[in-house]
Number of protein chains: 2
Amino acid sequence: MAASRSGRTEPGTRAERRKASTRQKLIDAARGFLASDTHSTASIQDITDAADVGFGSFYNHFSSKTELFQTAVSEVLEELGLLLDELGSRVDDPAMAFAQSVRLTVRLAVARPEMAQVLVRHGMAYIDADEGLAPRALRDIQAGAASGRFRVGEPRIALATTAGALLAVLHVSLVNPDGVTDAMCDEAAEQLLRMLGVPLDEAREIATAPLPAVDQV
Amino acid sequence: MAASRSGRTEPGTRAERRKASTRQKLIDAARGFLASDTHSTASIQDITDAADVGFGSFYNHFSSKTELFQTAVSEVLEELGLLLDELGSRVDDPAMAFAQSVRLTVRLAVARPEMAQVLVRHGMAYIDADEGLAPRALRDIQAGAASGRFRVGEPRIALATTAGALLAVLHVSLVNPDGVTDAMCDEAAEQLLRMLGVPLDEAREIATAPLPAVDQV
C-alpha cells in the first residue's frame, strides 16, 4: 500500500486498481463538465462517454450525478488544501502563511484555468464547508487572531469575506487572463491582510515576500 | 409620460401598457427561476406559464431565454444601484457613502432572500459589468482614492475583492438566516473599509454610523 502525494492509499489488487482508475476517470471528466458549467445539463451517458468508461460502471462508484460533482469539487479543494498546508507548515507567522496561501492559490488558478473555473463556479457553496479550503482558512484566521496578528470579530464573517474576495479575483483572472500579473495577485493578498486588521505597511511587506516555487496541483 | 421611481417612463397607450406589463411579468417570473437556480433547466413554456402569459408572446419581448435572464439580473442590480445612488447622494464622505451602500445592500438582501439568491448565484458574472452596481462601486472606490480616503493600487482589483466579499456575506446570510445580525453586516462593511485602506478605528466608526431608513427595492 503506497501512499500517493495527496495522502490517498493505492489499492492492492489489479481489480481494485482498475476500480480506482475508473472512479478517477469519472471524477476527472466531472471536473471538465464543472469547469464549462455544462454539469447541470450533462447526462450520465455524457459523463461516462467523456470518461471513456462503460455506462453501467457509473453506479458502481456514485449514486447520482450530484454525488459525483460534489466529489469532484471537494477533490479540487482538498488537493489545493493539502498542498497549501504542506507549504504553509514551513512558515511560522500566521499572517505570512495566510498571505502565501492566497498568493499561491491565485497563481495556481491562473495557471490552471479549469481549476479556477471550478472554484469560481462552485466555490461559493463551499466557503463554509467542513472540509477542503474552508476549515483550513478558518483555522489560519483563528490562529492569526489568537496570536494578535489579526483583528477580527466573528471569524466566520472574516472567512466569508476573504473567500469571496479570492473567488472574485479568480473570476477576474478568467475573464481577462492577460490583464492579471503576479503583482496584482499580491495586491489582492495585501488587501485581504488589511481586511484582517494587519496595518498597511506590514500588509504590503508580507504580501510581497518571496514565495516557494510550486508546480503541483 | 409619467416617470416611475426607477426612472423608467410609462408607455402611453393601452396596448403599450399591456405590452410593458407582459414584459415585466416575464422578467418577474425569470427572477423567481434565477433565485431557485432552475433557470438552466426551465423551458420557455415553464417561464410563460409562471408569468401567466401566452407562450407566443415571449418572442415579442426577448429573442432567447438567455436574453430574458440577463435582463432580469441587470434589473435587480440597476434597481439596487439607483436606490443606493439616491441614498448615497446625501453623504459627502466617499468612505461613508461606500460603507452605507454595503450595509444597506446586505440588509436589503437579508430581508429579501430572493434578491439575495439572484445576487449570489449570478452576481459574480456582473462584478466587472458596464451597468448596475459594478460601475457605481468602481466610481465610489475611485472617488475615495482621489480624495485620499482610500489607498488602492488597481481600482478594478479593489472592486473585485469588495464585490466578492459582499457576495460571500450574502451567501452566508442565505445559508444561515438566523445567524446574521445587523452587527455582523456592519462588521463586513468595516472589513471592506479596512481592505480599501481606511485605518482600523476609523473603519469601525464609519461602519457603525446611523443608517437612513429604507423600505424600497
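These numbers were taken from a predicted model, which means no experiment stands behind them. Naming convention: chains lettered A, B, ... in sequence-line order (proteins, then strands); numbering from 1 in each chain.
Closest of all the heavy-atom pairs between B:Arg194 and A:Met195 is NH1-O, 2.9 Å. The shortest heavy-atom contact between B:His171 and A:Asp128 is NE2-OD1, 4.0 Å.
Counted within 6.0 Å of CD on B:Glu78, heavy atoms from surrounding residues, nucleotides or ligands total more than 12; the atom is thus considered enclosed. In this structure, B:Arg204 places its CZ atom where only 12 or fewer heavy-atom neighbours from other residues, nucleotides or ligands lie under 6.0 Å away.
Proximity to chain B (any heavy atom under 4.5 Å) is restricted, for A:Val175, to the side chain, taken from C-beta onward.
Ranked by non-hydrogen atom pairs under 4.5 Å with chain A, the options B:Met124, B:Arg151, B:Glu190, B:Met184 are led by B:Met124.
Scanning residues 156-169 of chain A against chain B with a 4.5 Å heavy-atom cutoff picks out A:Ile157, A:Ala158, A:Ala160, A:Thr161, A:Gly164, A:Ala165, A:Leu167, A:Ala168, A:Val169, ordered by number.
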